[in-house]
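Below you'll find the structure, written out as structure tokens, and then a few comments.
First the proteins, then the strands, lettered A, B, ... as listed; each starts at 1.
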2 protein chains.
Amino acid sequence: MPRKPQQPRAHATVGAIVEAGFISLARHGVENTTTRHIADIAGVSVGSLYEYFANKEEVFDAMHEHMVREVVGMVRPLIPTLVRMDIRELVAELLYRFRDLLERDDGRYLRYMSYAAYFAPRDQIEPINRLLMDLLMKYVMHHPRLVRLGNLPAMGFIMINGGVFTVIRYLTEPNPTVAFDDLVRGLGDMVAHFVDGELQRAGSAD
Amino acid sequence: MPRKPQQPRAHATVGAIVEAGFISLARHGVENTTTRHIADIAGVSVGSLYEYFANKEEVFDAMHEHMVREVVGMVRPLIPTLVRMDIRELVAELLYRFRDLLERDDGRYLRYMSYAAYFAPRDQIEPINRLLMDLLMKYVMHHPRLVRLGNLPAMGFIMINGGVFTVIRYLTEPNPTVAFDDLVRGLGDMVAHFVDGELQRAGSAD
DNA sequence: GGCATATCCGAGTTGAATCCGAACAATTAG
DNA sequence: CTAATTGTTCGGATTCAACTCGGATATGCC
């Protein structure tokens, strides 16, 4: 039964362990990330690690939470601005920011992200999905013509998942054959043309 | 150093181990899939497993190869037919077949795929990517108006990765909020509208 | 300072991955 | 057909990483 850190010293230990988790993962990959590695990098003993985490899995969970908080913290304040943008700009802004976040600290988060989908249970990714779905809904509200779009849940699912995974996969590609700019432009065009096409279809169906 | 099976009995053993891998994975998840489990399900001893596979990883590699062969074997013969279809039909046909394959044998392949999609080294997924890129190119050839589309590599990357991951993610969702039919229709619309939009843009730029 | 509590430590235990040498089966030479 | 050789299987022994535990050290409060 892991304990809650109470003194500042203990909080620092927990923080160091989580950070060490990212570092070890980026350095050795998941397979070769042992509790001993993590403890060593964090500068504490294995015993201390198990003082605050029931098992290795929980360290990953904590890393995940950290990452989610980071992403949400980045996107949420942008929402009011994003909502007023042209749809292509929105896609671009979001994707460039997302890339920058993932590539920070030598791709520490990116490396984790490419494993997370497998490790992390659904409900841990959920906050990000909800956030993006929320953004989508707010965007539609601010652009009344979009209210006519049908089946937003399905389209949201496609755009969010398709977008996120495509970018993660692109960034982990060792030597990409296309430029990131082209990818971003492509995704923007995709969404924009979809919207235009659907609106046209809805309009002619009146 | 693992050996190559030579006698039919040994081939059967190897086959049983690979199949047992899928079964164990579907039953217990990756975490709890041990070599002992796999050997037990296959009806052989651990020793035999290590006779043909250097380590557990290699069992997974073999499963991967099996899966890729399965997918390629399904898609390749369809290409001549797909290439003549309307683009929405093509997307639908491909996705329904893909789903059926993944859900065969109680989702044996799906379970593996959701693990492999993130973990498998690039070069192991490559054949599927190449196959789909090939399909895309052939499709463009058969529909000359599409030749005007710009930046096919980037769009191919988006459509292939976005499509595949979206579907895998959808199928592993415990209780999806949208119907698979809607997802398929959405993806079809996405691609179709994109094509129309781009052609329109290219046309007006003449 | 002295007590209570929080934190840290690392050798020891446990179990899964992997190795290995003997037993068993198939194939081949004579 | 028998013996020798080569292929196959087996399961106990070994190794290494996850995790535990009892004691040592640090912190905060009186």
Any salt bridge linking [X] with [Y]? Criterion: basic side-chain nitrogen under 4.0 Å from a carboxylate oxygen.
X: B:Asp106; Y: B:Arg111; value: no
X: A:Arg185; Y: A:Asp182; value: yes
X: A:Glu19; Y: A:Arg108; value: yes

message: Just to verify, which of B:Leu171, B:Thr172, B:Val167, B:Ile168 counts as forming a side chain to side chain contact (heavy atoms under 4.5 Å, CB included) with B:Met113?
response: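 Exactly one candidate clears the test, B:Ile168.
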task: Look at atom CE of A:Met141 and say whether more than 12 heavy atoms of other residues, nucleotides or ligands are closer to it than 6.0 Å.
output: no
message: Could you check, using the six-membered ring where one of them is a Trp, whether B:Phe22 and B:Tyr109 have ring centers closer than 6.0 angstrom?
response: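 Ring-ring flag for B:Phe22/B:Tyr109: true, centres closer than 6.0 Å.
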task: Please confirm whether A:Tyr139 and A:His143 have ring centers closer than 6.0 angstrom.
output: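 Judged by ring-centre distance (under 6.0 Å), A:Tyr139 and A:His143 do meet the cut-off.
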query: Taking protein heavy atoms under 4.0 Å as touching, what does nucleotides 10-20 of chain C look like 5' to 3' if B marks base contact, S marks sugar-phosphate-only contact and - marks none?
result: B-B---SSBS-
message: Whether A:Gln7 contacts C:dA6 is assessed here as follows: a side-chain N or O lying under 4.0 Å from the phosphate OP1 or OP2. Is that the case?
response: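 False: A:Gln7 side-chain N/O out of range (4.0 Å or more) of C:dA6 OP1/OP2.
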- prompt: With no hydrogens and no angle check, do the side chains of B:Ser48 and B:Thr13 hold a donor and an acceptor under 3.5 Å apart?
  reply: no
field: Span of DNA chain D in contact with chain A (heavy atoms, under 4.0 Å)
entry: D:dA17 to D:dT27
